[in-house]
Amino acid sequence: MQNNTILDKAIRRIADFPKPGILFYDITSVLTNPDVFHWTILEAEKKYAPLVKSGNINAVAAVESRGFLFASPLALTFNLPLILIRKKGKLPGDVFRASYKLEYGEAEIEVHKADLKKSQKILLIDDLIATGGTLDAGKRLVAQGGAEVTEIFGIIGLSFLGYKDFLSPTPVTTLIEYESE
């Protein structure tokens, strides 16, 4: 994407979190800076407006919880449905469920069955893309409802963890990439 120096300067780095040896890229510092937050939304709008116009995207889905913050303004701008993907047990209705691997164990995410429509073409959003496991589970959730994730968007990508290969063939766009830990 365009010059992302503004974004890089805004991202807080926290060493040894959540455990020793991990460098944590904290997106909350982007949210507390209105100029940078606005820049991230405008960059996403530029990228995806042609795909919305052509019909290659007709809904937006987001992964809990920070993904919601970036997906909401895009869904509103494009006048598209916003589909929320939540952690297990957070949704009251009938759900589709998918599991994914964590470093130590597994987790599950869910989406309301009623929120997905057959043949929807969905832009799936999360704040940071590491291994791609959560987004892969999101893709599987969407497929259970007869829809398809046609694009994936994140603010930060940790390319050294191989998420693009893992999520292939779905196109993945991030605003900034970090190449090493």
Side-chain angles (χ1 to χ4, degrees), residues 1-2 4 6-7 10-12 25-98 100 107-117 119-130 132-145 147-157 163 167 170-176:
M1 309 271 339
Q2 290 195 8
N4 55 19
I6 186 174
L7 180 59
I11 295 169
R12 184 181 305 123
Y25 294 95
D26 184 12
I27 201 80
T28 62
S29 54
V30 170
L31 299 170
T32 60
N33 185 325
D35 291 335
V36 179
F37 184 36
H38 188 235
W39 180 88
T40 64
I41 300 305
L42 290 177
E43 288 299 303
E45 285 177 18
K46 285 186 228 173
K47 164 68 179 166
Y48 295 109
L51 296 172
V52 170
K53 187 175 182 179
S54 69
N56 288 324
I57 294 172
N58 56 26
V60 177
V63 177
E64 184 172 331
S65 65
R66 290 171 301 213
F68 297 172
L69 301 170
F70 296 97
S72 297
L74 287 175
L76 187 60
T77 295
F78 294 140
N79 195 34
L80 296 176
L82 176 61
I83 301 162
L84 302 182
I85 297 174
R86 306 282 320 262
K87 295 174 184 169
K88 181 181 177 183
K90 300 285 186 178
L91 295 172
D94 290 331
V95 297
F96 294 116
R97 183 174 296 127
Y100 61 99
E108 291 181 306
I109 54 176
E110 300 174 332
V111 66
H112 275 133
K113 290 180 178 180
D115 292 349
L116 292 171
K117 309 294 182 242
S119 302
Q120 275 179 315
K121 296 176 180 179
I122 295 176
L123 167 62
L124 180 59
I125 298 176
D126 204 354
D127 65 323
L128 182 140
I129 307 173
T134 307
L135 291 165
D136 180 64
K139 284 173 51 175
R140 289 184 277 119
L141 277 178
V142 164
Q144 288 178 54
E148 175 189 8
V149 172
T150 56
E151 296 276 335
I152 294 174
F153 175 71
I155 306 305
I156 299 172
Y163 70 83
L167 294 169
T170 306
V172 180
T173 300
T174 60
L175 294 180
I176 194 163

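Just so it is clear, the structure is predicted and the values come from calculations on it, not from any experiment.
- In this structure, I11 CD1 and I176 CD1 are separated by 4.5 Å, a value rounded to the nearest 0.5 Å.
- The structure places CD1 of I27 at 10.5 Å from OG1 of T32, a figure rounded to the nearest 0.5 Å.
- For the pair R97 and E110, the salt-bridge criterion is met [side-chain N within less than 4.0 Å of a carboxylate O].
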Derivation and outcome, side-chain contact (heavy atoms from CB on, under 4.5 Å), residues L82 and F68: CA-CA 9 Å; L82 176 61; F68 297 172; over 6 Å; no
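- Put simply, CG on L123 and NZ on K47 are 10.0 Å apart, with the number rounded to the nearest 0.5 Å.
- Taking 4.5 Å as the limit, some side-chain heavy atom of I109 sits within range of a side-chain heavy atom of Y100.
- Proximity of N58 to K117: side-chain heavy atoms (C-beta onward) are nowhere separated by under 4.5 Å.
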### Task
Please report the C-alpha distance between L74 and E45 in whole Å, then the side-chain angles of each, then the deciding distance to 0.1 Å, and finally whether the side-chain contact (heavy atoms from CB on, under 4.5 Å) criterion is met.
CA-CA 7 Å; L74 287 175; E45 285 177 18; 3.6 Å; yes
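- Taken to the nearest 0.5 Å, the CZ atom of F37 stands 8.5 Å off from the CD1 atom of I155.
- When every heavy atom of L141 is checked against every heavy atom of L116, the shortest pair comes out as O-CD1, 3.7 Å.
- Between P81 and D115, the closest side-chain pair of non-hydrogen atoms is not below 4.5 Å.
- Here the side chain of E64 pairs a donor or acceptor atom with the backbone of K87 at under 3.5 angstrom.
- Listed here is the closest heavy atom pair of V111 and L84: CG2-O, 3.6 Å.
- When side chains are defined from C-beta on, V30 counts as touching T40, because their heavy atoms get closer than 4.5 Å.
- Two residues are said to be in side-chain contact when any heavy atoms from C-beta on lie closer than 4.5 Å; T174 and I156 fail this criterion.
- Using a distance-only test at 3.5 Å, with no hydrogens or angles considered, no donor-acceptor pair links the side chain of T173 to the main chain of F153.
- At distances below 3.5 Å, at least one donor-acceptor pair connects side-chain atoms of N33 with backbone N or O atoms of V36.
- The heavy-atom pair separating K121 from N56 by the smallest distance is CB-O, 3.3 Å.
- Across A59 and L80, no two heavy atoms sit closer than the pair N-CD1, 4.0 Å.
- Contact annotation: the side chain of L167 approaches that of D136 to within less than 4.5 Å [non-hydrogen atoms, C-beta and beyond].
- A pairwise comparison of heavy atoms in G138 and I85 identifies CA-CD1, 4.2 Å as the closest pair.
- Contact between P171 and T150 at its shortest, heavy atoms only, is CD-O, 3.3 Å.
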*asked:* Could you go through E43 and N4, starting from their C-alpha distance and side-chain angles, then the distance that decides it, and tell me whether this counts as side-chain contact (heavy atoms from CB on, under 4.5 Å)?
replied: CA-CA 10 Å; E43 288 299 303; N4 55 19; over 6 Å; no
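- The side-chain heavy atoms of S65 and R86, taken from C-beta on, include no pair separated by under 4.5 Å.
- In this structure, the separation between OG1 on T28 and CG on L69 is 10.5 Å, given to the nearest 0.5 Å.
- The ring of Y48 has its center no closer than 6.0 angstrom to the ring center of F78.
- The CG atom of L135 sits 10.0 Å away from atom OG1 of T170, with the distance rounded to the nearest 0.5 Å.
- Between F70 and L175 there is no side-chain heavy-atom pair separated by less than 4.5 Å.
- Within a 6.0 Å sphere centred on NZ of K113, other residues, nucleotides and ligands contribute more than 12 heavy atoms.
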